[in-house]
Amino acid sequence: TRVHIEVESFLKENQNRLEEKLEMWMERYERDTEAKQQELNLLKSTKANNLTHLQELAKKYRECEQLVIEDRVEKETARRLREQEATESSAAVKIQSWWRGTLVRRGLGPFKKGKKGKAKGKEKGKKKKKK
């Protein structure tokens, strides 16, 4: 029975050590779980803040993109208007040149041929060099 008592005391000591280890591991588990939960909460709040910031930036980007599109449309409209004005101006010059040529060839308007001749008026055309 002495052996029995020694075995019993050994087993009780072993059980006490195991219970202490169990208590230690349970406390450690709770601490680690709490720390990870806090870390998870922090990450979730950071993610929410980043998502809000991303949405703000996306909205700002869409607004800027819209401004760029509007500016491009405005510039394209202005370019087309300048081209049209240049084309119209060129066409007007051509029409005016044709009309003036027609008036000169037919002797109409300010280019009427005088009945008295060229003797009285200034001579038109190239001046001849005197030698």
Side-chain angles (χ1 to χ4, degrees):
T1 100
R2 176 176 171 243
V3 173
H4 174 70
I5 294 175
E6 286 183 25
V7 168
E8 189 176 313
S9 96
F10 170 77
L11 288 176
K12 283 184 182 182
E13 286 177 21
N14 198 15
Q15 183 179 2
N16 288 339
R17 271 186 280 137
L18 289 175
E19 285 176 357
E20 288 174 6
K21 283 185 179 180
L22 176 65
E23 187 73 27
M24 180 194 70
W25 282 107
M26 286 176 66
E27 289 175 8
R28 185 172 176 185
Y29 168 78
E30 288 176 12
R31 277 194 321 260
D32 289 351
T33 303
E34 182 67 29
K36 291 297 178 184
Q37 187 63 41
Q38 288 176 352
E39 187 178 336
L40 180 63
N41 291 340
L42 179 65
L43 288 173
K44 283 181 179 180
S45 67
T46 303
K47 178 186 172 190
N49 290 340
N50 287 343
L51 183 60
T52 304
H53 186 64
L54 175 66
Q55 289 172 345
E56 290 172 2
L57 290 176
K59 181 180 179 183
K60 209 180 260 189
Y61 174 77
R62 285 190 300 272
E63 290 171 358
C64 290
E65 189 176 33
Q66 186 64 33
L67 285 175
V68 167
I69 290 170
E70 289 172 3
D71 186 54
R72 285 181 183 166
V73 167
E74 206 172 284
K75 285 182 179 179
E76 179 66 19
T77 303
R79 183 190 64 80
R80 286 181 183 167
L81 184 60
R82 283 193 309 272
E83 285 180 0
Q84 183 179 357
E85 288 174 354
T87 304
E88 288 175 359
S89 176
S90 174
V93 168
K94 288 179 183 177
I95 291 170
Q96 289 169 356
S97 298
W98 170 80
W99 182 248
R100 182 169 288 217
T102 302
L103 289 177
V104 168
R105 284 190 297 278
R106 295 188 182 179
L108 301 172
F111 305 103
K112 288 184 181 178
K113 294 180 183 175
K115 293 181 181 178
K116 297 181 182 175
K118 292 184 180 178
K120 276 195 167 178
K122 290 184 181 177
E123 290 186 24
K124 294 187 179 177
K126 290 186 180 179
K127 293 185 180 180
K128 294 183 181 179
K129 289 185 180 179
K130 295 181 184 178
K131 291 185 181 182

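Numbering starts at 1 and runs along the sequence shown.
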Give every donor-acceptor pair under 3.5 Å between a side-chain atom in residues 17-26 and any protein atom, sequence neighbours left out.
{"residue": "E19", "atom": "OE2", "partner": "Q15", "partner atom": "NE2", "Å": "3.3"}

(request) Please determine if R31 and E34 form a salt bridge, counting it only when a charged side-chain N lies under 4.0 Å from a carboxylate O. (result) no
(message) With a 4.5 Å cut-off on side-chain heavy atoms, are R79 and K75 touching?
(response) no
Listing, residues 86-101 side-chain donor-acceptor contacts under 3.5 Å, not counting sequence neighbours, or none:
{"residue": "T87", "atom": "OG1", "partner": "E83", "partner atom": "O", "Å": "2.8"}
{"residue": "E88", "atom": "OE2", "partner": "Q84", "partner atom": "NE2", "Å": "3.1"}
{"residue": "S97", "atom": "OG", "partner": "V93", "partner atom": "O", "Å": "2.9"}

List, one per line, each side-chain donor-acceptor pair under 3.5 Å for residues 47-64, sequence neighbours excluded.
{"residue": "N49", "atom": "ND2", "partner": "S45", "partner atom": "O", "Å": "3.4"}
{"residue": "N50", "atom": "ND2", "partner": "T46", "partner atom": "O", "Å": "3.4"}
{"residue": "T52", "atom": "OG1", "partner": "A48", "partner atom": "O", "Å": "2.9"}

(request) For the pair R72 and E76, find out whether any cationic side-chain nitrogen is under 4.0 Å from an anionic carboxylate oxygen. (result) no
